[in-house]
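Working notes for the structure below.
Just so we're on the same page: letters track the sequence lines, and every chain starts at 1.
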Amino acid sequence: MVATAAREIRDGDVVFVGMRLPLIAFVVAKHTHAPDAVGVFENGILRSTPARELLFTMSDGPNITGALSCLSMLECMALLQRGRVSLGFLGAAEVDRRGNLNSTEVRDASGKAIRLPGSGGACDIAALAKRFVALLDHQRFRLPEKVHYVTSPGFGPWRAGRLAQGGPAAVITTKAVLRFSAGGEAYLHSYHPGTTVQDVLANTGWDLQVSPEVRETKPPTRQELRAIRAYDRDGFWTR
Amino acid sequence: MVATAAREIRDGDVVFVGMRLPLIAFVVAKHTHAPDAVGVFENGILRSTPARELLFTMSDGPNITGALSCLSMLECMALLQRGRVSLGFLGAAEVDRRGNLNSTEVRDASGKAIRLPGSGGACDIAALAKRFVALLDHQRFRLPEKVHYVTSPGFGPWRAGRLAQGGPAAVITTKAVLRFSAGGEAYLHSYHPGTTVQDVLANTGWDLQVSPEVRETKPPTRQELRAIRAYDRDGFWTR
Amino acid sequence: MTEKLCALQEAVARFVPDGASVALGLQLESMIPFAAGHEIIRQGKRDLALVGPISDILLDQLIGAGCAKRVTAAWVGNVMMGSAYNFRRAIEDGIPHAVEMVDHTNFTLALALHAGALGVPFLPTYTAGGSSVIARNPGLAEFEAPFTGEKMQAVRAISPDVTIVQAQRSDASGNAHVWGNLGVLPDAVHAAKHVIVVAEEIVSAKVIASDPNRTVIPGFLVSAVAEVPFGAHPSPVQGYYNRDNEYFGEYHKATRTRAQFERWLKEWVTCLKGREEYLSRLGNDRVQSLKVRKHAWSARADFGN
Amino acid sequence: MTEKLCALQEAVARFVPDGASVALGLQLESMIPFAAGHEIIRQGKRDLALVGPISDILLDQLIGAGCAKRVTAAWVGNVMMGSAYNFRRAIEDGIPHAVEMVDHTNFTLALALHAGALGVPFLPTYTAGGSSVIARNPGLAEFEAPFTGEKMQAVRAISPDVTIVQAQRSDASGNAHVWGNLGVLPDAVHAAKHVIVVAEEIVSAKVIASDPNRTVIPGFLVSAVAEVPFGAHPSPVQGYYNRDNEYFGEYHKATRTRAQFERWLKEWVTCLKGREEYLSRLGNDRVQSLKVRKHAWSARADFGN
């Protein structure tokens, strides 16, 4: 999942790096195919070199030492709003058929509202990055036909007037990679090694379209695995 | 003129210090009766101690060395707009009966437009400081009944919704101090030593009201003169 | 300049009245003013309107202790571990009492404070269109932009009654140096009616004046400054100490139930007099192990002439 | 990071095309990029739309040399001496040709660049109401604010084609340290399509990375960086050299008439190849006398962990 996420980063990209797993994906990309990518962190940090030690949060000391610049959150968000950010990463608790993301409030089986942490910068990345990629733990209840709280908007009428193209470029789950048609409908692009198309469909909350070119996700290369292991030695983020 | 301007600064004031003469007035006030005044300079500098050497511009090295803070122009102007600036100083080429100031464009005797440098921060100080004081070279053509370009608005209908009270608290000229009635009309408050009420009236472009309590401007004290002379040794600003 | 140096107890007692809006945790996961937050809890402050983009687990502690009436934030949780249980209990079940949640995004919250700092009632943005965030937050509204006529979102200004900042070093007048990621700190300082600075160390005015570009917090905006070494633990302060990751993990495990949290709160906050007792409880070995050892000094800049 | 280091000649030739909007003189009276301005004059650039709050006498020189089609500024003159004669000749009498003047106040110009930096079409403000500035500048307009309904002024965004900044030190990728008063520099850098950095010295990436809070200009926004010692003379660069006050006085006296200015321009700009010849002309004694002697070093900050 982390290696697949890292591959979405192109060399030279200005990447808006969200909390948690994206922190690792950025480091892996920098160590492999995208040495010239620049990372933008919403706390105000810009980095052109990967942090030397494992980060638990983006404000950890090693992410500041040797940073390219330490700005304010406003200045980093302004990069997004000016269209200077080529790719944004964010996590979500739920993703729906139209690419809407929810990380604020879900319902449990009984219909009771469960409160999640909220948007952070997720809504901003979805609204303003030129491309964005969402990361998701693949479980059926996390892929409903329609989320009931839109933290980060996907494809829809509000696209007009926004800088972004609208909707995720990819949703990378623990089982698969979903992409979106020009019409804004999700489809199965690839399934990870160890799973199957059937398994993915059975764990998705709507009748997920399957690309005629569906394939197995390219497994992590030795180089990628080495970068992940070297960075997250104890497997805190990547077990 | 400089001593009279300095006296408008109260101890503890946050003073927006404009270009040229106000730079000296601030230093004199700090050295005499207002040691706790804070100076805000539109180039981004905040100072709580007077600069140790004579300044020709607010961005001269000595105004930066030992400054309280170096910010951006936006942050300094925001102090004004938030109502955190108790007093602003500005120069002008013309002042009219209603306290409108012009430092952008005047007409010569033939009616030809003469281009002056423009507002700088003058309009902002007039619009947003809680009180402001204008400095003027007292000549009849510089005190017309009505300026034809309002660089810095005085008393008028646009006051509604602004933070400032509107209009100058005082206009300090080379001959006199003008203040304004509650209705926004200028009157002669005091005339400087060496001049007379008649002289001031003869050199003002409208029928200037005279306060029944009109008096001679208090001459500079020895302490004030000492502070001016110690700072502007060669008399560049204060001859 | 007036001397504003006082004990943290006094600063909180004077400038954080019940019912106040309080901005804190301005630099996201670093330099969170935990010592000040714990003092707020110990003094039993009530009905606070808490403002902060994230504040990691400090918001959760203040909510669990019953200090908050409202939370205006973009993200409330435990950044490393996920959910924050007190926050969930308050929102889902009204335990210990109901708390109003005003959801922002990081950007809209940054803009709200920026509007406060600029002294304008709102600022325009393209973010949040089409989201439920804008639908549910009355401080966000669609409007038509002048000049272009396009639909944009307006973010209403937030001007906190008090902003609490953690700084690396300050002089006795509250002129403070801060470095590392700044988050929303500059705007939260400028937008606030009062500012409390909690500094790792109080230094001479000369040290601060030697680098005015580092003086992110001008003292004349500051109401009180307190010296509290290790005041941000378990969050990190660049150049002073690292993040205590284990502490965040332990907190997560130790606060799953309300009863567990009450025990935790007693042990780590209400039974302690202040930061010194807290550090004793933490133990010298742990404190020492967190201190910065690999120094990385900034290249010097010449402010001479 | 890509290497962007080049000669100033090349930077100007590539990134300042005829007709471009060019922001410069961002820090008011200090760190004005005179060397870059003179290169623009030597290369005979035409129809430039100059943007700057003040730029002291550099705007006057560019106008006199016939490079400007439009000037968008808050104040154009000689700060120490008063009027700028070329500016007056151009506006009053169309000499050497007519120039369009768009008047701003310092604050509205700062907000226009801030809007450009934030990526929004306008920003709201309370300044300039009731002035002729707003009446004559189409980039300023009254509108009704959302939420409060009050009348405010909208300032239209300015996004310069190129921003030219003077920096104290930069690495070869354009990551640059700037200290002292910042003026509108941060916003002008962020708002621009291209950025040219003129640095007093090029230093190693390590020096720059040692203090990320000093890196006001992130290299990935920079198109070209040139090393030009004394590139801001006669304006001052904190820590490097002081203001050459006499030069401003001499310029004032030497440019009263068009013929005088033409002589001045030949002597100081068009007959010289570049900054080295300019400094020879200035003379070693004068250069040495301006150099900073009373050093005042910043207290160090620890970025370690």
Side-chain angles (χ1 to χ4, degrees), chain C residues 111 114-115 118-126 138-139 141-150 152-157 168-169 177-182 203 206-214 216 236 238-243 292-305, chain D residues 111 114-115 118-126 138-139 141-150 152-157 168-169 177-182 203 206-214 216 236 238-243 292-305:
Chain C
L111 285 168
H114 192 49
L118 286 177
V120 291
F122 84 101
L123 283 171
T125 178
Y126 291 108
E142 201 178 74
F143 79 110
E144 201 172 279
F147 300 120
T148 60
E150 67 202 298
M152 295 187 73
Q153 277 68 250
V155 181
R156 191 194 275 267
Q168 271 101 341
R169 58 190 178 210
H177 279 182
V178 179
W179 59 92
N181 56 298
L182 296 180
V203 297
K206 227 172 146 176
V207 168
I208 300 298
S210 78
D211 193 350
N213 288 91
R214 191 88 70 200
V216 178
Q238 199 75 10
Y240 289 76
Y241 44 90
N242 291 305
R243 192 170 194 271
V292 162
R293 275 155 307 181
K294 287 172 286 168
H295 300 290
W297 300 105
S298 60
R300 61 189 190 168
D302 189 356
F303 283 84
N305 47 77
Chain D
L111 285 168
H114 191 48
L118 286 176
V120 291
F122 84 100
L123 282 173
T125 178
Y126 290 108
E142 200 177 74
F143 78 111
E144 201 172 280
F147 300 121
T148 60
E150 66 202 299
M152 295 185 74
Q153 277 67 249
V155 181
R156 192 195 275 268
Q168 271 101 341
R169 59 190 177 208
H177 279 181
V178 179
W179 61 92
N181 56 297
L182 296 181
V203 297
K206 228 173 144 177
V207 167
I208 300 298
S210 78
D211 193 350
N213 288 91
R214 191 88 69 201
V216 177
Q238 198 75 11
Y240 289 76
Y241 45 89
N242 291 306
R243 193 170 193 274
V292 162
R293 274 156 308 183
K294 286 172 287 169
H295 300 290
W297 300 105
S298 60
R300 61 188 190 169
D302 189 356
F303 282 84
N305 48 76

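Within the 4.5 angstrom heavy-atom criterion, no atom of D/I208 approaches chain C. Residue D/F143 touches chain C through its side chain alone, counting heavy-atom pairs closer than 4.5 Å. Contacts between D/P236 and chain C at a heavy-atom distance below 4.5 Å are absent for every atom of the residue. For a residue to count as touching a neighbouring chain, one of its non-hydrogen atoms must lie under 4.5 Å from one of that chain's; by this rule D/R169 touches chain C with the side chain only. Neither the backbone nor the side chain of D/P212 comes within contact range of chain C; no heavy atom of the residue lies under 4.5 Å from a heavy atom of that chain. Interface remark: D/R293 contributes backbone atoms only to the contact with chain C (heavy atom separation under 4.5 Å). Contact annotation for D/N242: only side-chain heavy atoms (C-beta onward) come within less than 4.5 Å of a heavy atom of chain C.
The greatest number of non-hydrogen atom pairs below 4.5 Å with chain D, out of C/G180, C/A145, C/A115, is found for C/G180. In terms of non-hydrogen atom pairs under 4.5 Å with chain C, the most contact-rich of D/R300, D/Q238, D/K294 is D/R300. Of all the listed residues (D/M152, D/R156, D/H295, D/E142), the one sharing the greatest number of non-hydrogen pairs under 4.5 Å with chain C is D/R156. Annotation: maximal heavy-atom pairing with chain C below 4.5 Å, among D/A141, D/G139, D/P138, D/P121, occurs at D/P121. Annotation: maximal heavy-atom pairing with chain D below 4.5 Å, among C/V120, C/V207, C/L118, C/L111, occurs at C/V120. Each of D/V216, D/L123, D/N305, D/V178 has some count of heavy-atom pairs under 4.5 Å with chain C, and the biggest count is that of D/N305.
Distance check, rounded to the nearest 0.5 Å: CZ of D/F303 to CH2 of C/W297 gives 11.0 Å.
When all heavy atoms are compared, the tightest approach of D/N213 to C/W179 is OD1-CB, 3.3 Å. Closest heavy-atom contact between C/G119 and D/Y126: O-CE1, 3.2 Å. Scanning both residues, C/P124 and D/F122, for their nearest heavy atoms gives CG-O, 3.5 Å. Listed here is the closest heavy atom pair of D/A299 and C/S210: N-OG, 2.9 Å.
For the pair C/D211 and D/R214, the salt-bridge criterion is met [side-chain N within less than 4.0 Å of a carboxylate O].
Take D/A209 and apply the side chain to side chain contact (heavy atoms under 4.5 Å, CB included) test, not counting sequence neighbours, and it matches no residue.
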